[in-house]
Amino acid sequence: MRRPAGPNKPRRSQVESFPAPTAGWVANQNLARPSTQAGRYGASILENWFPTAESVVLRRGSEKYATIGDGSADAESIWSYKNGNNEKLFAATPAAIYDISTVADPDVSPAAAVSSLTSGKWVFTQFATAGGVFLRGVNGADTPRVFDGASWSTTPAITFPSGDATTPEELCYVWAAKNRLWFLKNNSLDVYYLPVNQIGGELGRLSLASVFNRGGRVMIGSSWSIESGNGLGDYVAFITTEGEAAIYQGDDPSNASDWSRVGIYRTGKPLGERAWMRAGGDLVIATDIGFVALSQSVQRDYAALSPSAVSYPIETAWNDAAGKRSLQPWNVDIWPSQQMVIVSMPTPDGELPQTFVTNARTGAWAKFTGWQMGDLEIFQDRLFFCSVDGKIIEGNVGGLDQGEIYSGAAAPLFYDLKSPAALKIPLLARATMRTPYEVNATVSVLADFDMTIPVSPSAPATESASLWGSGVWGVSTWGEGLAPMIVQDWQSVAGEGYALAPLVQITSGNPLPIDTELVRIDLTYSTADIVS
């Protein structure tokens with residue numbers, strides 16, 4: 001006997017919560033099966049958000065701080081001098097050096113402190129002697145310079161050993177170690193050094209041509225410390241363009257009984273003379289195989305270095321950037337108060353500006369876009385970097401990028417919601433955020449490992465109550481930040497897929513930094529039947 005079919009049961013929606021991707025951007029995992037930690041807290045996209053221990057925070061903007069030169073040449077290097085209360089910030093174009101410690105008008109270049117130069121790629125180090133605290137700098141083309149805290153000069157002069165035809169203009173790199181200044185020469189495997197506690201005089205010469213079998217030139221030199229079994233060992237490291245590192249111990253390179261080679265090790269090829277940072281006594285170097293600590297190169301075979309690199313969570317993205325952006329030097333600096341390590345890279349024709357950043361405490365990575373960065377410097381706890389057309393930009397300030405809006409995009413790693421063979425249909429989504437200002441956040445859903453980012457949302461209306469010149473005297477509070485509010489509005493979302501990743505986008509268009517934190521993303525969805 002036939003029986004009438006029962007009524008169709010409505011599908012019940014399910015909900016999944018994605019915590020803020022505090023593990024940062026992940027670009028080294030199996031897309032379908034990321035590791036447990038990365039899968040729960042990692043991001044497939046994290047652009048213009050900075051990962052903290054609690055959440056991810058939309059980066060601040062950037063402003064033009066100064067213009068140097070006539071605008072026809074890029075700013076190429078930036079550095080600082082700090083001696084007690086005497087703090088100076090300098091930057092250079094190929095033609096001149098400028099003092100930009102204070103700037104009256106960001107669109108008007110100050111007078112040159114040093115002119116008639118031929119290269120702006122300076123390397124400076126600060127060094128103290130009985131005569132004072134000095135900057136000693138070289139650029140591989142011009143006469144080496146000295147800054148004494150008040151003025152610039154070319155004295156005391158640097159001379160070379162008898163029979164050595166090298167000129168001071170050929171010196172291209174300088175650093176301090178073992179109470180003396182050391183120098184590198186253009187396209188050479190020779191190293192030079194001054195007597196102890198001197199900033200001028202006759203150089204000694206140390207030839208490393210027989211040490212480095214892969215050739216190239218010595219590109220980076222530095223002091224280096226590592227635990228040697230009897231406490232920290234104090235060494236001098238020389239690193240070539242071919243990724244060979246020679247480690248020496250002792251104090252006097254001219255005395256064989258007080259100077260010896262510890263070993264020769266292989267690391268990645270450095271991506272620039274200033275593409276490294278100090279982490280305690282260790283050196284971490286941006287190379288073609290990753291952001292690698294020199295201590296790891298000493299302890300591991302070259303073939304095993306990549307998995308131990310600081311940049312390992314973004315291995316594929318790093319390798320792609322190194323392949324496309326290595327014709328010009330990279331630069332690295334650490335901003336301790338922000339727990340931020342910044343890796344700037346050149347912008348080739350046809351590519352968009354991008355910068356890799358990592359949380360120095362958690363090791364979580366992200367990508368900043370829109371900042372065309374060259375050399376960079378942390379000065380008075382502020383980030384400054386060289387840019388095109390002689391511009392010096394201050395980063396991570398305000399809510400606009402030199403007057404233009406910018407957007408952030410964050411999406412967790414794709415998740416099959418414990419049903420890989422079933423089609424999921426997203427219904428509603430919401431982003432839980434803490435923010436002091438109204439924001440126009442949109443949530444969409446990426447499906448099946450397609451990481452195409454939709455058009456960014458428009459910026460909300462500018463908050464004017466706290467802007468200079470627009471507040472009401474006696475009513476508005478100058479300089480007082482707004483208490484953060486919780487925003488968690490549901491939005492309809494469309495699409496379908498077997499693995500989903502909700503994407504949150506925010507556009508900053510406020511002259512003030514909006515400092516929005518993404519805490520969690522919730523997604524409701526229904527699951528279709530599995531059919532053959």
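Quick caveat, the model's predicted, so the values are computed rather than measured.
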Would Thr67 and Val108 count as a side chain to side chain contact (heavy atoms under 4.5 Å, CB included) here? Give the steps. CA-CA 6 Å; Thr67 301; Val108 177; over 6 Å; no
Atom pair CD/CG of Gln296 and Leu305 - distance to nearest 0.5 Å: 7.5 Å
Go through the structure and list residues passing side chain to side chain donor-acceptor pair (under 3.5 Å) with Trp224, not counting sequence neighbours. Asp282
When Trp182, Phe160, Tyr173 are each screened for ring-ring contact (aromatic ring centres under 6.0 Å, His included) with Tyr192, the one that passes is Phe160
Less than 4.5 Å apart, side chain to side chain, heavy atoms only: is that true for Leu294 and Gln299? no
Ring centroid separation Trp175 to Trp276 under 6.0 Å: no
For Glu377 and Ser80, does a side-chain donor sit closer than 3.5 Å to a side-chain acceptor? yes
Answer with yes or no after comparing the ring centroid distance for Phe291 and Tyr312 against a 6.0 Å cut-off, counting only values under it. no
Okay, side chain of Tyr406, backbone of Gly61: is any donor-acceptor separation there less than 3.5 Å? yes
Applying salt bridge (Lys or Arg N to Asp or Glu O under 4.0 Å), name anything that partners Asp148, two or more places apart in sequence or on another chain. none
Using the rule side chain to side chain donor-acceptor pair (under 3.5 Å), only one of Asp515, Asn396, Asn48 pairs with Arg60; which is it? Asp515
Derivation and outcome, salt bridge (Lys or Arg N to Asp or Glu O under 4.0 Å), residues Lys367 and Glu47: CA-CA 5 Å; Lys367 177 169 66 175; Glu47 292 188 9; 3.6 Å; yes
Listed by chain and number, what are the ring pair (Phe, Tyr, Trp, His ring centres under 6.0 Å) partners of Tyr65, not counting sequence neighbours? Phe384
State whether the side chain of Thr240 and the backbone N or O of Val218 hold a donor-acceptor pair below 3.5 Å, judged by distance alone. no
Find out whether Val26 and Leu413 are in side-chain contact, i.e. whether some heavy atom of one side chain is under 4.5 Å from a heavy atom of the other. yes
Which residues satisfy the side chain to side chain contact (heavy atoms under 4.5 Å, CB included) test with Ala209, sequence neighbours excluded? Leu189, Ser207
Answer with yes or no whether the side chains of Ser222 and Arg278 bring together a donor and an acceptor at under 3.5 Å. yes
Can you find a pair of side-chain heavy atoms, one from Glu517 and one from Val56, that are under 4.5 Å apart? no
Give a yes or no answer on whether the side chain of Ser311 reaches the backbone of Ile314 with a donor-acceptor pair at less than 3.5 Å. no
Ring centres under 6.0 Å, that's the criterion: do Phe385 and Trp371 meet it? yes
Listed by chain and number, what are the salt bridge (Lys or Arg N to Asp or Glu O under 4.0 Å) partners of Glu169, not counting sequence neighbours? none
Under 3.5 Å, is there a donor-acceptor pair between the side chain of Thr358 and the main chain of Ala360? no
Salt bridge between Arg59 and Asp401, side-chain N to carboxylate O under 4.0 Å? yes
Would you please name every residue forming a salt bridge (Lys or Arg N to Asp or Glu O under 4.0 Å) with Asp333, sequence neighbours left out? none
Is it true that Asp375 and Trp79 share a donor-acceptor pair across their side chains at a distance under 3.5 Å? no
Would you mind reporting whether Pro94 and Thr118 have side-chain heavy atoms less than 4.5 Å apart? no
Please name all residues satisfying side chain to side chain donor-acceptor pair (under 3.5 Å) with Ser162, sequence neighbours left out, ordered by chain then number. none
How about Phe90 and Tyr81: are their ring centres within less than 6.0 Å of each other? no
Separation between OG of Ser508 and CG of Leu400, rounded to the nearest 0.5 Å: 6.0 Å
In this structure, CG of Leu31 is separated from CD of Gln29 (nearest 0.5 Å) by 9.5 Å
Find the distance between CD (Glu87) and NZ (Lys82) and round it off to the nearest 0.5 Å. 6.5 Å
Check for a donor-acceptor pair, side chain of Ser44 on one end and backbone N or O of Pro412 on the other, with a separation under 3.5 Å. yes
Any salt bridge (Lys or Arg N to Asp or Glu O under 4.0 Å) involving residues 336-350? Give me the pairs, sequence neighbours left out, ordered by first then second residue. none
Glu76 backbone acceptor or donor facing Asp74 side chain under 3.5 Å: no
Applying salt bridge (Lys or Arg N to Asp or Glu O under 4.0 Å), name anything that partners Asp164, two or more places apart in sequence or on another chain. Arg205
Test item: Met219 and Leu184 side chains (from C-beta on) under 4.5 Å apart, heavy atoms: no
What residues, two or more places apart in sequence or in another chain, satisfy side chain to side chain contact (heavy atoms under 4.5 Å, CB included) together with Ala43? Pro21, Leu46
Are the side chains of Trp318 and Trp365 in touch, meaning some heavy atoms are under 4.5 Å apart? yes
Hey, what do you get for CG (Leu271) to CD1 (Ile285), rounding to the nearest 0.5 Å? 10.5 Å
Taking side chain as C-beta onward, heavy atoms only, is Arg274 less than 4.5 Å from Pro329? no
Excluding sequence neighbours, so at least two apart, what forms side chain to side chain contact (heavy atoms under 4.5 Å, CB included) with Pro106? Lys64
One thing to verify: whether Arg266 and Glu244 come together as a salt bridge, which I'm taking to mean a side-chain N less than 4.0 angstrom from a carboxylate O. no
Short N-O contact, Lys178 and Asp234, less than 4.0 angstrom: yes
Looking at the rings of Phe124 and Trp152, which for Trp means the six-membered one, are their centres under 6.0 Å apart? yes
4.5 Å side-chain heavy-atom contact, Leu203 and Leu171: yes
Between Arg136 (side chain) and Ile199 (backbone), is there a donor-acceptor pair under 3.5 Å? yes
Tell me if a side-chain donor or acceptor on Glu170 pairs with a main-chain N or O of Thr167 at a distance below 3.5 Å. yes
Quick test of your reading of the model: are Arg217 and Glu273 salt-bridged, counting only N-O distances below 4.0 Å? yes
Set of residues satisfying side chain to side chain contact (heavy atoms under 4.5 Å, CB included) with respect to Asp301, sequence neighbours excluded: Ala303
Does Glu404, at its CD atom, have more than 12 non-hydrogen atoms belonging to other residues, nucleotides or ligands within less than 6.0 Å? no
Closest heavy-atom contact between Gly215 and Glu242? O-CG, 3.7 Å
Is a side-chain donor-acceptor pair under 3.5 Å present for Thr22 with Glu54? no
Whether Asn331 side chain and Ser344 backbone form a donor-acceptor pair below 3.5 Å: no
In Å, rounded to the nearest 0.5 Å, how long is the span from CD of Gln339 to CG of Asn359? 5.5 Å
Going by distance alone, is a donor N or O of one side chain under 3.5 Å from an acceptor N or O of the other, for Asn139 and Asp142? yes
